[in-house]
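Have a look at the structure below before the remarks.
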Amino acid sequence: MLLQDNLKQAKLGERITAKGYAVSHKDDTFKPFSFSRHALGENDILIEILYAGICHSDIHSARSEWRQGIYPMVPGHEIAGKVVAIGSKVSKFKVGDFAGVGCMVNSCGECEACKKSQEQFCERGKCVFTYDCLDCFHNDEPTYGGYSNNIVVSEKFAINVPNDAPLDKVAPLLCAGITTYSPIKFSEVKAGSKVAVAGFGGLGVMALKYALKMGAEVSVFARNKNKEKEALELGAKALYTDTKGVRERFDFIISTIPTAYDVNAYVNLLKFGGELAIVGLPPVEDKVKIDLTRLVFAAGKKVYGSLIGGIKETQEMLDFSLKHKIYPETEIISVEQINEAYENLTSGRAKFRYVIDMASLN
Ligand code: NDP
Ligand code: ZN
């Protein structure tokens, strides 16, 4: 019934009604939430969401761990679904196609960064994030993410997904996939590279898989041995639970750690000229700091931050992942299990990626 309503609304150019799961303040638990999205514009598509991954960024945002969040908040930026309506000027999709949406839904399209398809760095500050953001293209209304039944998005920001792709596996690629693929490409990880992955959760396991695919030898750093078996079975050389006493040195390290930790310990583990890509973004109050003295004395090693990836590269990542069957490790849950999933992800009981089956919303 709801889908029929949405199709009618799309046709009439009305706002699109939606339902999802939201928190209304930083200490809240998720509860059902009804809202509406902007009308379908001529360049927009309406997607019926089938699966949404739970990224640790959703937890940081829902709990206002980076900055004060915009509430009510419907997180979710790992979205896979079916195109059910298209605007009059849409050319990339037709009704019935499958589509993915990651962390962004719009940007200016005209600045240098946007022209290079690095939309996440839109120089006019107009990159609209999928949730917890004010949409400057739609009267500054708040954006709502993928823990919901539908989304309206500019076609440029939707990723083409082939009909036969496993949609529950595609969803997490839209953030966990691109966020790890992008720096691995940027740092030119290749056959023979010695790589370490710090933090072995939703992002970490993707980093392991991509680095292995590039031909690298990969070690994993985790807090305990809980997932050692999985790491070794997937092809890791070793799983370390401490940086101390590790003798090998790495060409490339990617840190996906979402909590307080000693970054400098990973700088020390780089070879001369080696690169440390930071993607994990701990809460501001964890005050993770780089020690400049140690950095200067570690001279010749490079440390950089990396933020998701542009739309062009996201499509490239998805095509690459599907071609080589590089998929996330997932556990499908229902909307009622979101609160439990959050608890598990923050208490070390989670394995890799929870993916919400949106059919459970009905
Ligand atoms: P997960 O919770 O799935 O995984 C994090 C992993 O890190 C867990 O396995 C956790 O272990 C492990 N960990 C925690 N502390 C340490 C530590 N001190 N040493 C080693 N391992 C540790 O999170 P995600 O993979 O979804 O996200 C990771 C981070 O990346 C988050 O901060 C998220 O916000 C950020 N992110 C950044 C993006 C970007 O564009 N830069 C995009 C997407 C996410 P345990 O199970 O024991 O808790
Ligand atoms: Zn994410």
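Each ligand, and each atom within it, is numbered from 1 in the order the structure gives.
Among protein heavy atoms, atom 4 (O) of ligand 1 sits closest to G201 CA, 3.3 Å. Distance from atom 30 (O) of ligand 1 to its nearest protein heavy atom, with residue and atom name: G280 CA, 3.4 Å. At the shortest separation from atom 12 (C) of ligand 1 among protein heavy atoms lies G199 CA, 3.9 Å. What sits closest to atom 46 (O) of ligand 1 on the protein, heavy atoms only, is G348 CA, 3.6 Å. The protein atom (non-hydrogen) at minimum distance from atom 38 (C) of ligand 1 is T179 CG2, 3.5 Å. With hydrogens left out, the protein atom closest to atom 23 (O) of ligand 1 is H56 CB, 3.1 Å, a heavy atom.
Both the backbone and the side chain of L203 come within 4.0 Å of ligand 1, counting heavy atoms alone.
Heavy atoms of S306 come nearer than 4.0 angstrom to ligand 1 in at least one pair. Taking 4.0 Å as the cut-off, Q120 does not count as a neighbour of ligand 1 on heavy-atom distance. Ligand 1 lies nowhere less than 4.0 angstrom from a heavy atom belonging to R349. Look at Y354 and you'll find every heavy atom at least 4.0 Å from all atoms of ligand 1.
The option from T346, L307, V279, I257 that lies nearest to atom 20 (C) of ligand 1, judged by heavy atoms, is I257. Scanning S57, G53, G202 for the heavy atom closest to atom 44 (C) of ligand 1 points to S57. Considering each of P258, S61, A222, A176, the one bringing a non-hydrogen atom nearest atom 13 (N) of ligand 1 is P258.
Residue-environment remark: CG (D242) exceeds the threshold of 12 foreign heavy atoms within 6.0 Å. Sparse packing is recorded around CD of E188, with 12 or fewer heavy atoms of other residues, nucleotides or ligands lying under 6.0 Å away.
Residue pairs satisfying the salt bridge (Lys or Arg N to Asp or Glu O under 4.0 Å) criterion with at least one member in residues 161-186, sequence neighbours excluded, are listed as follows: K185-E316.
Residue-ligand proximity, W66 to ligand 1, at heavy-atom distances under 4.0 Å covers atoms 34 (O). Near L345, meaning under 4.0 Å from any of its heavy atoms, are these atoms of ligand 1: 2 (O), 3 (O).
Polar contact with ligand 1: present for R223 (N/O pair, distance under 3.5 Å). For ligand 1, the polar-atom distance check finds an N/O of I308 within less than 3.5 Å of one of the ligand's N/O atoms.
Outside the 6.0 Å centre-distance limit, the rings of Y131 and Y147 are not counted as a close aromatic pair.
With hydrogens and angles ignored, the 3.5 Å screen pairs a side-chain donor or acceptor of R37 with a backbone N or O of Y144.
Taking the six-membered ring where tryptophan is involved, the planes of F33 and F35 are essentially parallel, since the angle between them stays under 30° and well short of 60°. Ring geometry for H60 against W66 counts as tilted: the plane angle lies between 30° and 60°, on a 0 to 90° scale.
At a threshold of 4.0 Å, the pair D132-R67 counts as salt-bridged, since one of the basic side-chain nitrogens sits closer than that to a carboxylate oxygen.
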Point to revise | Verdict with supporting geometry, E248 and K194, salt bridge (Lys or Arg N to Asp or Glu O under 4.0 Å) | key: CA-CA 9 Å; E248 54 178 327; K194 288 190 65 152; 3.1 Å; yes
Practice item. Using the side-chain hydrogen bond (donor to acceptor under 3.5 Å, both in side chains) rule, take S255 and Y261 through it: C-alpha gap first, then chi angles, then the decisive distance, then the call. Key: CA-CA 10 Å; S255 172; Y261 71 107; 2.8 Å; yes
Review point. Run the salt bridge (Lys or Arg N to Asp or Glu O under 4.0 Å) check on K156 and E119 step by step: do they pass?
Key: CA-CA 11 Å; K156 277 193 197 153; E119 299 87 351; over 6 Å; no
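For K213 and Y181, the positive end is not near the middle of the six-membered ring at less than 6.0 Å and at most 45° from its axis.
Taking 4.5 Å as the limit, some side-chain heavy atom of I45 sits within range of a side-chain heavy atom of V153.
Tally of protein N, O or S atoms closer to the Zn ion (ligand 2) than 2.8 Å: 3.
A chain of hydrophobic side-chain contacts below 4.5 Å, direct or via other Ile, Leu, Val, Met, Phe, Trp or Tyr residues, connects L361 to M73.
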